[in-house]
There are 2 protein chains.
Amino acid sequence: MSAKRIVSMCPIEELLVLIGGRWKPVILWWLMSTEKPFRFKILRQSMPRISQKVLTQQLRELERDGLVKREMFPEMPVRVEYSLTAFGRKLRPVLEELDSWAREYLL
Amino acid sequence: MSAKRIVSMCPIEELLVLIGGRWKPVILWWLMSTEKPFRFKILRQSMPRISQKVLTQQLRELERDGLVKREMFPEMPVRVEYSLTAFGRKLRPVLEELDSWAREYLL
DNA sequence: CAGTATCCGAATGGATACTG
DNA sequence: CAGTATCCATTCGGATACTG
């Protein structure tokens, strides 16, 4: 009667809100692959199969959810760099597990 | 000139083809939670937020990709049971990592 | 019980053009 | 350079009704 409504008993559901996007694990994987931030163009070249529009969208969502930091340098021409936030870096073990599983069973 | 075309350097991309569906990790998580197969109805009740159509679709894809086994018993009324294949069970470490991460950071 | 069929709106994807 | 804007086609997802 008074209990909180149970939406789901599966913890993964909440996580999928953050990284469930079609390209988000891939984007995070690239950002995690090095300490250095990625310029937008480099990120784009790293993922030839994602369109510019979708890449921008997914980055905006990752930024909104606190996983990715976007930094803009008002030079000429403009430079924008993407990197993981401290919270985003906490995903490392998750992405590493995905990575090593894929290497073992899918390559 | 003669090299194979490089589609992506990110191994995770291939894995997302298998489990990238909106509900697939959740379905697999439930199927992994016990040794016993799930009847369709129980699976459906476990995930109140997924529609029957989508649940069926995702199960078909998981079946097609060799992760889930579907067994039909022509009784009256019909009984259908879903369980993981041997290959599907290999995903356990991946799902456990997702699960424990979600419990630590999202609950 | 475990679906399929249908309809429909939303989200996604891709190409192209334009901008600060 | 790093986007935004627009158009358009395809796919996805949810609700409802029907079936062996």
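We name chains A, B, ... by the order of the sequence lines, and we start the count at 1 in each one.
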If you look at every strand shown and take non-hydrogen atoms under 4.0 Å, does B:Y82 touch a base, only sugar-phosphate, or nothing? sugar-phosphate
Output the rounded distance in Å from CZ (B:R22) to P (C:dA11). 12 Å
Without decimals, in angstroms, what is the distance between A:E75 CD and D:dA2 P? 10 Å
Please report the distance, rounded to the nearest Å, between NZ in A:K41 and P in D:dA2. 8 Å
Mind checking A:V80 for me? I need base, sugar-phosphate or nothing, with any heavy atom below 4.0 Å counting as a touch. sugar-phosphate
Could you tell me how far apart A:M72 (CE) and D:dG3 (P) are, to the nearest whole angstrom? 8 Å
Walking DNA chain C from its 5' end, the first of A:W23 and B:E81 to be reached, judged by nearest nucleotide, is B:E81
B:I27 vs B:L31, test: side chain to side chain contact (heavy atoms under 4.5 Å, CB included). Steps then yes/no. CA-CA 6 Å; B:I27 294 171; B:L31 291 178; 4.1 Å; yes
Which label fits B:W30 and B:F38: parallel for a plane angle under 30°, tilted from 30 to 60°, or perpendicular past 60°? perpendicular
Does B:I50 offer a backbone N or O that forms a donor-acceptor pair with the side chain of B:R44 under 3.5 Å? yes
Parallel, tilted or perpendicular: which describes the rings of B:Y105 and A:F87, with under 30° parallel and over 60° perpendicular? perpendicular
Nucleotide D:dC1, atom C1' - distance to CG of A:L55 in whole Å: 14 Å
Can a donor-acceptor pair be found, under 3.5 Å and without considering hydrogens, that links the side chain of A:T85 to the backbone of A:G66? yes
Taken to the nearest whole Å, CZ/A:R49 to P/C:dA15 is 14 Å
Check: A:R79 side chain, A:R39 main-chain N or O, donor-acceptor pair, under 3.5 Å: no
Atom CG of A:L16 and atom SG of A:C10: how far apart are they, to the nearest 0.5 Å? 7.5 Å
Separation of D:dC1 C1' from A:M76 CE (nearest whole Å): 9 Å
I need the CD-C1' distance between A:Q57 and C:dA10, as an integer number of Å. 13 Å
Find the runs of at least 3 consecutive base pairs, i with j, i+1 with j-1 and so on, that include DNA chain D, using Watson-Crick or G-U wobble geometry with both distances under 3.5 Å. C:1-20 with D:1-20
Measure the shortest side-chain to side-chain distance between A:P37 and A:E71 over non-hydrogen atoms and say whether it is less than 4.5 angstrom. no
Looking at C:dA2, D:dA2, C:dG13, which one has an atom nearest to any side-chain atom of B:R39? C:dA2
Determine the sole option in A:R49, A:R103, A:K24, A:R22 for which the salt bridge (charged side-chain N to carboxylate O under 4.0 Å, His left out) test with B:E13 is passed. A:R49
Strictly under 3.5 Å: I want the nitrogen or oxygen pairs between protein and nucleotides 4-10 of chain D, one per line.
unit_1 : atom_1 : unit_2 : atom_2 : d
D:dT4  : OP1    : A:R60  : NH2    : 3.4

